[in-house]
Amino acid sequence: MIDMKKISILFFTLSLFAFQSNAQDCEKIVKVCESYLNGSMGKTKFVSDGQVYTAFLDREKAEFKTTFYGGSTYRIAASAGNDDEYVIFTVKDPNGNVLFTNKNYKNAPYWDFKVPKTIPVSIETELDLDKKVTGCAVMIIGFKQ
Amino acid sequence: MRKYLAYITLPIFMLFAACSGNESEEGKESIDEEFIDPNSSLNTNFDGKIFSIPSPVQTALLIKSTNLPFNNDLLNPVQNASDYTTEFKQALNLGIYGTDLGYSALYEQKAVSLNYLSVIEKLTGQLGLEGAFDKSFMSRFEKNNDNEDSVMIIVSDAFRKADNYLKSSNRKSTSALILAGGWIESLHYACELNKMKPNAKIKERIGEQKQTLYTIIEILEEYNKGGSNDELISELNDLRFYFDKVNIDYEFVEPTTDAKNKTTTLQHNINIKIDTDILNQITLKVENIRDSIIN
């Protein structure tokens, strides 16, 4: 019985380390995403919407709704690791029409959207299963007027 | 024996979940196919739902673009901060003060901004968010507070850091309340300013909040710790009754994409209609909700 107890403690400790490692991986990916808003990719820096969208994905899609205001340019940045082409994101209009998917552009890790008139959109995020089947995916949205 | 089995099997599952994202020797992710069952509850997004609230700074920017002067009466007085003793009130009012900071900074109201910065520092300390609003943030803010673009970036980055910290430390209910507070404050600006002097752009911005209101209610319901959000959700559902009557006509038009510059330009048409009576009811309800939060 004592051995059993020792084994359970060992497993529990290992699992804590593993989870901590996963959280650290997510943090690294957040920094990659942040660099797309603040780095040298654009002439003007984008202002963050103040949120970080993180999901542990496998075969499922993560979907959320937001509003893009007219008169703004938005940047969507997504990453799931050091190789930036792991994440597919798709932007749809209120009727479900696809406005854009980075799948058609080699899973580009960021894309800009000029929005002359306000539009409620839904954004779907998934991993490119040919490249990565499970892991942490991070998305960040920024805007400029 | 059962107890020990539970101790072992749970960590095994946790280890599997935590390690499954590691790369194989070939450089690509790999996982045993037998574990990948699209119908299995294991193979879902297990971080919960994702919600998005547009930045309240964007409404402050719209207000400034209409050439309306700075209005100090719109802000939640900093003196109220000492009355916020629960995490619920602290989080909601941190969102409100964050929006007030953004608004005053946009209008280059340095003294006002610094007062709001100080109260934000106090509330973030109480909520354990010092990491996001640390000395480096304060120093960057003070050095750049005469540059509108820099200030917006610095403040928004700090709120993003706080959001990331709260979500990664499983405090999503606090994150939701901060977002809700910030959104209510920006809607309060729009409603009050439109009441003082009707403005077509601001009226339209109020109508554009329909989707965001639905998301705010959903996020507060999802992270309703011990029913603490019940009263606020009920108030927001009353507001929803009026927003349901905002009419949005949308027409899809194919967007154009410039692949070289990684830019897509949307081309759709949209028309937002709000009856004056409905707008007045929305204004009244928003004020009631905000009053119950700040007082």
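Chain identifiers are assigned alphabetically (A, B, ...) following the order of the sequence lines, protein sequences preceding nucleic acid strands; residue numbering begins at 1 within each chain. Quick caveat, the model's predicted, so the values are computed rather than measured. Values below: every heavy atom of this structure, side chains too, minus hydrogens, waters and symmetry copies.
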Any side-chain heavy-atom pair from A:F143 and B:Q58 closer than 4.5 angstrom? yes
In terms of heavy-atom proximity below 4.5 Å to chain A, should B:Q209 be classed as side chain, backbone, both, or neither? side chain
Between B:Q211 and A:T66, is there a donor-acceptor pair closer than 3.5 Å when you use the side chain of the first and the backbone of the second? no
Taking all heavy atoms of B:I53 and all of A:Q51, pick out the closest pair and write down the distance. O-NE2, 2.6 Å
For B:L166, is it the side chain, the backbone, both or neither that has a heavy atom under 4.5 Å from a heavy atom of chain A? neither
Sub-3.5 Å donor-acceptor pair from the side chain of B:K167 to the main-chain atoms of A:V52, do we have one? yes
Taking atom types as modelled, is there a side-chain donor on B:E208 or A:T118 under 3.5 Å from an acceptor on the other? yes
For A:N95 and B:Y250, test the side chains for any donor-to-acceptor distance below 3.5 angstrom and give the result as yes or no. no
So which atom in A:A62 and which in B:I50 form the shortest heavy-atom distance, rounded to 0.1 Å? CB-CD1, 3.6 Å
Using heavy-atom distances under 4.5 Å, tell me whether B:D258 contacts chain A through its side chain, its backbone, both, or neither. backbone
If we ignore angles and hydrogens, is there a donor and acceptor under 3.5 Å between the side chains of B:N164 and A:E27? yes
Ignoring hydrogens, what is the shortest heavy-atom contact between A:I140 and B:R160? Give both atom names and the distance. CD1-CD, 4.1 Å
So, the part of A:T73 with a heavy atom under 4.5 Å from chain B: the answer is neither
Using heavy-atom distances under 4.5 Å, tell me whether B:T265 contacts chain A through its side chain, its backbone, both, or neither. both
Using a distance-only test with no angle check, is there a side-chain donor-acceptor pair under 3.5 angstrom linking A:W111 and B:T264? yes
Heavy-atom proximity to chain A below 4.5 Å, by part of B:P255: side chain
Nearest heavy-atom pair of A:S48 and B:S156: which atoms, and what distance? O-CB, 3.3 Å
Does the salt bridge (Lys or Arg N to Asp or Glu O under 4.0 Å) test come out yes or no for A:E63 and B:K49, once each step is laid out? CA-CA 8 Å; A:E63 184 189 349; B:K49 289 182 183 175; over 6 Å; no
List the atom of B:F51, the atom of A:Y53, and the distance in Å for their closest heavy-atom pair. O-CE2, 3.1 Å
